[in-house]
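Below is one structure, written out as structure tokens, with a few remarks after it.
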Amino acid sequence: MSASPPAFSDVVSALEVMHCSEFWHWTAESNPFEVVVGAILVQHTNWTNAERALARLRLAGILEPKLLAGLTDKEIEELIRSSGEYHTKAKKLRAFLCLIARYGSLEALLEEPVHKLRDQLLDTWGIGEETADAIVLYAARQPAVVVDGYTRRLFGRLGLGPSPSDSYREWQAYLKAELPESVQELAAFHAFVVLHAKKLCLARHPRCSDCNLASRCAFANDPPLPP
Ligand code: SF4
């Protein structure tokens with residue numbers, strides 16, 4: 001028999017209890033340009049590969065907009081190779097560097113009001129909704145709700161939210177209605193969701209016996225039959 005889904009606030013509390021002491025790569029002290037570059041490099045790969053590329057850029061001493069813009073596409077590709085899709089990602093970085101150049105500085109861009117900033121990001125080649133919201137939240141430190149595959153999987157399994165295949169906009173509207181507007185809390189929420197999905201709520205063989213949400217989780221109480 002299926003358990004009744006937990007209240008949203010209980011999910012947030014449980015995630016915090018399970019993951020508050022774990023490492024998350026972006027904090028309030030993170031360098032905004034590193035956050036932007038990381039948000040682009042992590043597309044279609046995992047954080048370990050993106051971090052490896054970031055480390056090479058850091059070691060080369062060019063993790064600043066003007067310095068990176070001075071490199072050729074080939075030089076950027078070589079440095080970010082470990083993040084995969086490096087031809088495309090070098091072009092995406094170049095497009096973002098052009099956006100910064102139009103504003104004069106990254107700071108000027110990130111100071112735009114949240115709606116304008118999001119629109120500017122979405123108008124930039126290679127930046128979709130998830131990357132734009134991650135940049136708004138973790139680089140500009142302005143309120144944004146980030147929706148990713150981990151969010152859909154976790155809440156879908158708990159029996160909460162829209163259908164896992166519903167649009168980004170529908171998921172964002174659902175989460176926005178439940179979450180506070182505080183940047184700190186929004187940033188922590190997304191971090192906890194990702195940590196949970198990577199450590200316990202795995203795509204295959206989730207570790208439900210170690211999860212504080214198991215007693216109220218639809219998936220744990222009534223797992224789908226294998227195909
Ligand atoms: S009980 Fe299992 S399926 Fe449910 S949220 Fe926890 S890890 Fe995921």
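Ligands are counted one by one from 1 in listed order, and the atoms in each one are counted from 1 as well.
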Discussion item. The test is salt bridge (Lys or Arg N to Asp or Glu O under 4.0 Å); show your working for Arg118 and Glu129 and say whether it passes.
Written reply: CA-CA 8 Å; Arg118 191 173 192 269; Glu129 293 187 288; 3.5 Å; yes
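For Asp123, there are no salt bridge (Lys or Arg N to Asp or Glu O under 4.0 Å) partners at least two apart in sequence or on another chain.
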Tell me which donor-acceptor pairs under 3.5 Å the side chains of residues 173-191 have, and how far apart each pair is, sequence neighbours excluded?
| residue | atom | partner | partner atom | Å |
| --- | --- | --- | --- | --- |
| Ser182 | OG | Gln184 | N | 3.3 |
| Ser182 | OG | Glu185 | N | 3.0 |

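For the residue pair Thr151 and Asp148, a side-chain donor N or O sits within less than 3.5 Å of a side-chain acceptor on the partner.
Salt-bridge annotation for Arg58 and Glu34: present, with a side-chain N of the basic residue lying under 4.0 Å from a carboxylate O of the acidic one.
Identified under the side chain to side chain donor-acceptor pair (under 3.5 Å) test for residues 14-24, with sequence neighbours left out: His19-Glu22, His19-His196.
Around atom 6 (Fe) of ligand 1, protein N, O or S atoms at less than 2.8 Å number 1.
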